[in-house]
Amino acid sequence: MSKNNFLQREFYDRPALTVARELLGKYLVRLEDGQRLAGIILETEAYCGEEDLGCHCRAGRTARTQVMYGPPGHAYVYFTYGIHWMLNFVVESEGNPAAILIRSIEPLQGMEVISARRGSQPMQKWTDGPAKICQALNIDNRFNGVDLCAEDGVLIVEDAEPVPESYVKTGPRVGLNSVPEPWKSVPWRFQISRIKH
DNA sequence: AGCACGATTAACT
DNA sequence: GTTAATCGTGCTC
């Protein structure tokens, strides 16, 4: 897990569903004041372009969505419900807006810091939701547009062994209550199930 | 300038 | 299962 095997721009410059699937099992790493906070990515969701009525890009290019129209391998961080931040990765080629929401990680490093921020909850619930990840890793609007592929980046994803297909579960994306079909139900959510087959 | 609502969470009953 | 918390964003007037 050294800094020379973190995912490069080519990884993100691919179809959103491919990237969402392959991000499973990789290490999300947040460098905060020289301290490493890291966890295994367990769950992702793909949001794919202006045609996807579940994606913020359905509104076209706006102040909020412009980072998704930029080059891949950057963070898209937005605010919702008046309280919560959400971490996404911009994917696909420039001008082709799409993003991957990071929904759940299993914390590995920086447990003291994460505990200080999430310790009021049982450990299992420290980073098992998109807003919880941002709370645990201290991610907010300052990270919108941050380059995930910079040499001295503060937010990177490190490579890891591919997760076998039999460990991966797919399903509809969460929370799209007023989104019309088929977008509401397309199986663009990916997660590592802990059950072997 | 005003308004309705959301890619959620935690604390309720 | 239900609901309050809380404000940026995009849309309408």
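Any value given below was found using the heavy atoms of this structure, including those in side chains, with hydrogens, waters and symmetry copies removed.
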Please work out if [X] contacts a base, only the sugar-phosphate, or nothing of the nucleic acid, heavy-atom cut-off 4.0 Å.
X	result
A/Thr62	sugar-phosphate
A/Asn177	nothing
A/Lys125	nothing
A/Ser120	nothing
A/Arg64	sugar-phosphate

Starting from [atom2] on [N], measure out to [atom1] on [X] and report it in whole angstrom.
X	N	atom1	atom2	result
A/Asp128	B/dA7	CG	C1'	16 Å
A/Ile139	B/dA7	CD1	C1'	16 Å
A/Leu87	B/dA7	CG	C1'	12 Å
A/Ile102	B/dT8	CD1	P	14 Å
A/Asn144	C/dG8	CG	P	14 Å
A/Gln121	B/dA10	CD	P	4 Å
A/Glu43	B/dT8	CD	C1'	13 Å
A/Gln135	B/dT9	CD	P	9 Å

So if I take every side-chain heavy atom of [X] and compare against [options], which nucleotide ends up nearest?
X	options	answer
A/Leu101	B/dT9, B/dA7, B/dA10	B/dA7
A/Tyr76	B/dA7, C/dG10, B/dA11	B/dA7
A/Ile83	B/dA10, C/dT6, B/dA7	C/dT6
A/Met86	B/dA7, C/dG10, B/dT8	B/dT8
A/Leu176	C/dG10, B/dA7, B/dA10	B/dA7
A/Phe79	B/dG6, C/dG8, B/dA7	C/dG8

With nearest nucleotide decided by heavy atoms, which residue, A/Arg118 or A/Val179, maps closer to the 5′ end of DNA chain B?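 Its nearest nucleotide being more 5', the pick is A/Val179.
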Name the pairing partner of B/dC5, where a pair is Watson-Crick or G-U wobble with both distances under 3.5 Å, or state none.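 Per the H-bond distance test, C/dG8.
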Salt bridge check: are [X] and [Y] linked by an N-O gap of less than 4.0 Å?
X	Y	answer
A/Glu51	A/Arg58	no
A/Glu43	A/Lys169	no
A/Asp128	A/Arg103	no

Regarding B/dA7, can its base be found pairing with the side chain of A/Tyr78 as donor and acceptor, where the two atoms are less than 3.5 Å apart?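 Between B/dA7 and A/Tyr78, which were checked side chain against base, a qualifying N/O pair under 3.5 Å is present.
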Looking at A/Glu181, I want to see if its CD is surrounded by more than 12 non-hydrogen atoms of other residues, nucleotides or ligands under 6.0 Å.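 Correct, the count exceeds 12.
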Would you call A/Asp147 and A/Arg9 a side-chain contact if the rule is heavy atoms closer than 4.5 Å?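 When only atoms from C-beta onward are counted, A/Arg9 and A/Asp147 do touch, with a gap below 4.5 Å.
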Can you tell me if [X] touches the phosphate of [N], counting only side-chain N or O atoms and a distance under 4.0 Å to OP1 or OP2?
X	N	value
A/Ser178	B/dG6	yes
A/His56	C/dT9	no
A/Arg58	C/dG10	no

Under 6.0 Å between the ring centres of A/Tyr47 and A/His56?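 No; A/His56 has its ring centre 6.0 Å or more from that of A/Tyr47.
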